[in-house]
Amino acid sequence: MKFILLILSFTVFSLSMAKAQGCGTNTAKYMQSHQQIMSSSGYQAHDTCLNKKLSLIFHVVLDSNNAPGVTPADISTCVDNLNRYFKRICITFMNCTTNYISNFNYNRWEQDPHEKQIYNNYYVDSTINIYLVESIITPANAGGYAYMPGDSLDMIVVQKSFVTGIVPIHEMGHFFGLPHTFEGPSQGAPSIEFVDGSNCSTTGDLFCDTEADPHPAAEDDNRPCSFAYGPADGNGDFYTPPVDNIMTYYKNCRCRFTQQQYNHMANMYFLKRNYLH
C-alpha cells in the first residue's frame, strides 16, 4: 500500500512539474485582432530583414538569502538562444542591464498585484523587460507569460529554472504576435483546422504552414517527439501535430518557427512594436 501511495505521489508530482511548464500568456482578446491583421495586411515579404537591435532588461528577483538563483552565464545563454532563433528576421537582442530586485516576495509571482507594484518601481518604457522569478502562482501552471502586441506592457515573466531553455523563446514569440498553434480566432478557442489545410486561413492559428494542432491540453505536454498521430478531424483525416513548433505545448520537441510565423513577427514589429529600442 505504501509503495502504491509512493507511486501515486510521484505521478502527481511529475504531472505538476510538467504543467508548471505551461504558458500563461492571455491570447484570447488578441485573436480577433490577429484575424483582422491577417486578412488585411497579411505578412511581410519572405525573409524580411528588420536589421534591428533591441534592448533587454533582466530583472532578477533575489531570494530570502539575497541569492539570485540564476547566473550571468544563464542570462547570456538566454540572450544567445533568442538571437539564434530571431536571426532569420534580423532581430538581435542585447542585454542592456541586469537589475536585481531585493524583495523576495516577488519570487512567488502573482500577476495581480505584483505587476502593478513592479511597474511602479522596476520597469523601463520602450524596452523589453524580462522578470525572472522562482515560481509563478498566477497565471496558474505557467512557466512563463508575455504580453501580446497592442497590450500596454512590454514585459515577459519567466521562471528561473526555464531561462536557458525554450520558454523565453516561446514567450518572445507571443510578444511579437504569435498565438499557440492550437488556438483559433474565436476568442482563443481550440483549433478546428482540417488536416488537409483547406480552412487554414480562417481557423487554427491562421498560418497555413503550421500543421493543424488539435492538442491544447496540458496532458499532451510531454508526449515523445516521435508522436505523429492524433484524433481524426471532421473529414476523417488523422492529425499529425507540429510537435517541433515552438508555439506548441509539446515541451520536449520544440525547435523551430515556420516561415509564415517569422513573416508575421516581422509584420507585428512594424505595426505594433516599432517604438522598441
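Computed over heavy atoms, backbone and side chain alike; hydrogens, waters and symmetry mates excluded. These figures come from a predicted structure and were not determined experimentally.
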Requested in this report: Evaluate the ring planes of His174 and His170, with Trp represented by its six-membered ring, and classify them as parallel (under 30°), tilted (30 to 60°) or perpendicular (over 60°).
Outcome: perpendicular
Query raised in the report: Would you call the rings of Trp109 and Tyr106 parallel, tilted or perpendicular, where under 30° means parallel and over 60° means perpendicular?
Result: tilted
Query raised in the report: Is there a path of hydrophobic side-chain contacts, each under 4.5 Å between heavy atoms of I, L, V, M, F, W or Y residues, that connects Ile169 with Ile128?
Result: yes
Query raised in the report: Which heavy atom in Glu171 sits nearest to a heavy atom in Gly144, and how many Å separate them?
Result: OE2-O, 3.2 Å
Query raised in the report: Is any side-chain heavy atom of Gln159 less than 4.5 Å from a side-chain heavy atom of Glu134?
Result: no
Query - Tyr145 reachable from Ile246 in the ILVMFWY side-chain graph, under 4.5 Å edges - result: no
Query raised in the report: Less than 4.5 Å apart, any side-chain heavy atom of Phe207 and any of Glu193?
Result: no
**Report entry** Heavy-atom side-chain proximity of Leu276 to Thr127 below 4.5 angstrom
**Finding:** no
Query - Audit row: Asn103, Asn105, side chain to side chain donor-acceptor pair (under 3.5 Å) steps and yes/no - result: CA-CA 5 Å; Asn103 188 341; Asn105 292 301; 3.0 Å; yes
Query raised in the report: Are Ile57 and Tyr123 in one and the same hydrophobic cluster, where Ile, Leu, Val, Met, Phe, Trp and Tyr link if side-chain heavy atoms are under 4.5 Å apart?
Result: no
Requested in this report: Please determine if Glu110 and Lys116 form a salt bridge, counting it only when a charged side-chain N lies under 4.0 Å from a carboxylate O.
Outcome: no
Query raised in the report: Does a salt bridge link Arg273 with Asp154, judged by any charged N lying under 4.0 Å from a carboxylate O?
Result: yes
Requested in this report: Start with the C-alpha gap between Ile101 and Val60, add the side-chain angles, then the distance that decides, and say whether side chain to side chain contact (heavy atoms under 4.5 Å, CB included) holds.
Outcome: CA-CA 6 Å; Ile101 301 174; Val60 181; over 6 Å; no
Query - Qualifying residues under ring-ring contact (aromatic ring centres under 6.0 Å, His included), relative to Phe270, sequence neighbours excluded - result: none
Query - Non-hydrogen side-chain atoms of Thr27 and Met148 separated by less than 4.5 Å - result: yes
Query raised in the report: Does a donor on one side chain and an acceptor on the other come within less than 3.5 Å for Lys160 and Asn107?
Result: yes
Query raised in the report: If two hydrophobic side chains count as joined below 4.5 Å and joins carry through other members, does Met155 share a cluster with Tyr30?
Result: no
Report task. Return yes if some donor-acceptor pair links the side-chain N/O of Asp209 with the main-chain N/O of Gln259 below 3.5 Å, else return no. Result -> yes
Query raised in the report: Would Asp237 and Asn235 count as having a side-chain donor-acceptor pair, cut-off 3.5 Å?
Result: no
Query - Under 3.5 Å: donor-acceptor pair, side chain of Asp63, backbone of Asn65 - result: yes
Report summary line: Sequence neighbours excluded, the answer for ring-ring contact (aromatic ring centres under 6.0 Å, His included) partners of Tyr85 is none
Query raised in the report: Strictly under 6.0 Å, is that where the ring centroids of Phe86 and Phe257 end up?
Result: yes
Query raised in the report: Are any non-hydrogen side-chain atoms of Leu132 and Ile75 less than 4.5 angstrom apart?
Result: yes
Report summary line: Between Thr248 and Pro242, the two heavy atoms sitting closest are CG2-O, 2.9 Å
Report task. Look only at the side chain of Asn121 and the backbone of Gln117, and say whether a donor-acceptor pair between them is shorter than 3.5 Å. Result -> yes
Report task. Could you check if a side-chain atom of Val157 sits within less than 4.5 angstrom of a side-chain atom of Ile136, using non-hydrogen atoms only? Result -> yes
**Report entry** Heavy-atom pair with the smallest gap, counting every atom of Lys272 and Tyr275
**Finding:** O-CE2, 3.1 Å
Report task. Could you tell me whether the side chain of Gln261 and the main chain of Thr258 form a donor-acceptor pair under 3.5 Å? Result -> yes
Report task. Kindly determine whether Ile130 and His59 satisfy side chain to side chain contact (heavy atoms under 4.5 Å, CB included), including the steps that lead there. Result -> CA-CA 6 Å; Ile130 300 180; His59 304 273; over 6 Å; no
Requested in this report: Verify, without hydrogens or angle tests, whether Thr77 (side chain) and Ala73 (backbone) share a donor-acceptor contact under 3.5 angstrom.
Outcome: yes
Report task. Indicate the atoms forming the closest heavy-atom contact of Val70 with Asp74, along with that distance. Result -> CA-OD2, 3.6 Å
Query raised in the report: Are Tyr131 and Ile118 side-chain neighbours, meaning at least one heavy-atom pair lies under 4.5 Å?
Result: yes
Query - Flag, side chain of Thr97 to backbone of Asn99, donor-acceptor distance under 3.5 Å - result: no
Query - Step-by-step side chain to side chain contact (heavy atoms under 4.5 Å, CB included) determination, Thr92 to Lys52 - result: CA-CA 6 Å; Thr92 301; Lys52 294 294 180 181; over 6 Å; no
Query raised in the report: Heavy-atom distance under 4.5 Å between the side chains of Phe58 and Asn95, does that happen here?
Result: yes
Query - Distance-only side-chain donor-acceptor flag, Thr210 / Asp205, under 3.5 Å - result: yes
Query raised in the report: Ile137 and Ser135: side chain to side chain contact (heavy atoms under 4.5 Å, CB included), yes or no, with the steps?
Result: CA-CA 6 Å; Ile137 307 304; Ser135 61; 4.0 Å; yes
Query raised in the report: His180 vs Tyr249 aromatic rings, parallel, tilted or perpendicular, using cut-offs 30° and 60°?
Result: perpendicular
Query raised in the report: Is Met94 reachable from Ile91 through a run of hydrophobic residues whose side-chain heavy atoms are each under 4.5 Å from the next?
Result: no
